[in-house]
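Remarks on the structure that follows.
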Amino acid sequence: MAPASVKNIVLVHGAFADGSSWSKVIPLLQEMEYHAVAVQNPMTSLADEVAFTKRIIALQDGPVVLVGHSWGGAGITQAGDDPKVAALVYVTAYAPEVGQSANDASSPFGWTAGQKQIRVSTDKFATISSEGMFEYIAEGLPMADRRLALAAQGQSYGPMFDEKLTVAAWKLKPAWAVISTKDQMVPPAMQAADAKKMGAVTTTLSTCHMSILEEPAKVAAVIVQAARAAKR
């Protein structure tokens, strides 16, 4: 089944993760003849995230649907003003305002159980404890998948979550949002408030934070909806 409009999908992973977090979504998009690629973000600063994402956007041969999971939502909010970006999809994600950081955006909604499992080293790099990954981030997945998520998490530079955005691309581009009601990492109430603020086409799933691994077909369906509706 060939794409009806935008064929390029750029997927931006969240913190404490890598591009493999999209491993169940990508094959579904490829089966529908979309060109889906995952950005391997360095998790060192917001500026680095944006630069990595824009380099991948530049490699695409036409317009792009830009998709962010979790912290990746902050990245696509800043990078999404790229002229090749036709639409934005926020999956269980942050969508800060101009002048806000990810921490600014979530702090009014309280400190989640998952966030309490963040461990920061003396050089300010953060990881999630095994308890946090197994019980508060990936708890909706089979244990084998939880173990893989823990093994692949890498490190995230803590201060980047306080970096303030200078662009809010959702003010410029049409947006779609997936809300995860059982999320114990990113507050579901924040996700819902952000979706309303953006005027996003919204899908609500009864999933954990890793909705992209728990319900990949439903997430892929939202991405396809955005690709078909986006103007080339």
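Scanning both residues, Ala15 and Phe161, for their nearest heavy atoms gives CB-CZ, 3.6 Å. Contact detail for Gln40 and Phe52: the closest heavy-atom pair is O-CD2, 3.3 Å. Contact between Val12 and Gly72 at its shortest, heavy atoms only, is CG1-CA, 3.9 Å. Across all their heavy atoms, Ala95 and Tyr90 have their closest contact at CB-CE2, 3.6 Å. Summarising the geometry of Glu49 relative to Thr44, their closest heavy-atom pair is OE2-N, 4.1 Å, with the distance given to 0.1 Å. Thr127 and Gly154 get closest at one heavy-atom pair: CG2-O, 3.6 Å.
Side-chain contact check for Lys7 versus Glu33: every heavy-atom pair is 4.5 Å or farther apart. For the pair His13/Trp71, no side-chain contact is recorded, criterion being any heavy-atom separation below 4.5 Å from C-beta on. At least one side-chain heavy atom of Tyr94 sits less than 4.5 Å from a side-chain heavy atom of Met190. You'll find the side chain of Ile76 stays beyond 4.5 Å of the side chain of Val67, heavy atoms only. Under the 4.5 Å side-chain criterion, counting only non-hydrogen atoms from C-beta, Leu165 is not in contact with Gln100. With a 4.5 Å cut-off on side-chain heavy atoms, Asp145 and Glu214 do not count as touching.
A tilted orientation is assigned to the rings of Phe125 and Tyr157, their planes being inclined by 30° to 60°.
Here the CG atom belonging to Asn8 is positioned 11.5 Å from the CG atom belonging to Leu29, to the nearest 0.5 angstrom. Going from atom CD of Glu97 over to atom CE of Met198 covers 11.0 Å, rounded to the nearest 0.5 Å. For the atom pair CG (Leu66) and NZ (Lys84), the distance works out to 12.0 Å, reported to the nearest 0.5 Å. Interatomic distance, Ile137 CD1 to Leu213 CG, rounded to the nearest 0.5 Å: 12.0 Å. Note that CD of Gln115 and OH of Tyr136 are 13.0 Å apart. Values are rounded to the nearest 0.5 Å. Once rounded to the nearest 0.5 Å, the distance linking NZ of Lys218 with OG1 of Thr204 reads 11.5 Å.
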For Asp81 and Lys171, what are the C-alpha separation, side-chain angles and deciding distance, and is it a salt bridge (Lys or Arg N to Asp or Glu O under 4.0 Å)? CA-CA 9 Å; Asp81 65 340; Lys171 294 183 177 181; over 6 Å; no

Assess whether side-chain contact (heavy atoms from CB on, under 4.5 Å) is satisfied between Met160 and Met43, documenting all intermediate values. CA-CA 8 Å; Met160 73 181 184; Met43 309 309 300; 3.1 Å; yes

Give the intermediate values and the outcome of side-chain contact (heavy atoms from CB on, under 4.5 Å) for residues Tyr34 and Ile223. CA-CA 10 Å; Tyr34 288 93; Ile223 296 169; over 6 Å; no

So Lys24 and Ile212, side-chain contact (heavy atoms from CB on, under 4.5 Å) or not? Walk me through it. CA-CA 7 Å; Lys24 294 185 180 180; Ile212 57 179; over 6 Å; no

Apply side-chain contact (heavy atoms from CB on, under 4.5 Å) to residues Phe16 and Ile118 and explain how you reach the verdict. CA-CA 9 Å; Phe16 317 113; Ile118 296 172; 4.0 Å; yes

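For Trp170 (side chain) and Pro96 (main-chain N/O), a donor-acceptor pair under 3.5 Å exists by modelled atom type. Side-chain N or O atoms of Gln117 include none that pairs as donor or acceptor with a backbone N or O of Ala113 at under 3.5 Å. Between the side chain of Gln78 and the backbone N or O of Val167, at least one donor-acceptor pair lies under 3.5 Å. Here the side chain of Arg146 pairs a donor or acceptor atom with the backbone of Leu141 at under 3.5 angstrom. In terms of modelled atom types and a separation under 3.5 Å, the side chain of Ser20 and the main chain of Ser23 share no donor-acceptor contact.
Ser101 and Asn103 share no side-chain donor-acceptor pair at under 3.5 Å.
With salt bridges taken as basic N to acidic carboxylate O contacts below 4.0 Å, none links Lys173 and Asp82.
Val10 and Val6 sit in two unconnected hydrophobic clusters of ILVMFWY residues. Membership requires side-chain heavy atoms under 4.5 Å apart, directly or through other members. By the rule that hydrophobic residues join a cluster once side-chain heavy atoms approach within less than 4.5 Å of another member, Val85 and Leu59 end up as members of one cluster. Placement of Val37 and Met32 in two distinct hydrophobic clusters is found when ILVMFWY residues are connected by side-chain heavy-atom separations under 4.5 Å, directly or transitively. Hydrophobic clustering (ILVMFWY, side-chain heavy atoms < 4.5 Å, transitive): Val224 and Val64 are in distinct clusters. At a threshold of 4.5 Å between side-chain heavy atoms, the hydrophobic network of Ile, Leu, Val, Met, Phe, Trp and Tyr places Leu150 and Ile128 in one connected group.
Applying the salt bridge (Lys or Arg N to Asp or Glu O under 4.0 Å) test to Lys164 and every residue at least two apart in sequence or in another chain returns Asp104. Shown here are the salt bridge (Lys or Arg N to Asp or Glu O under 4.0 Å) partners of Lys197, two or more places apart in sequence or in another chain: Asp194.
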List the atom pairs, with distances to 0.1 Å, where a side-chain N or O of residues 181-188 and a protein N or O form a donor-acceptor pair under 3.5 Å, not counting sequence neighbours.
from	atom 1	to	atom 2	distance (Å)
Thr181	OG1	Leu205	O	3.3
Lys182	NZ	Ser206	OG	3.4
Asp183	OD1	Met185	N	2.7
Asp183	OD1	Val186	N	3.1
Asp183	OD1	His209	ND1	3.2
Asp183	OD2	Gln191	NE2	3.0
Asp183	OD2	His209	ND1	2.9
Gln184	NE2	Glu135	O	3.4
Gln184	NE2	Glu139	OE2	3.1

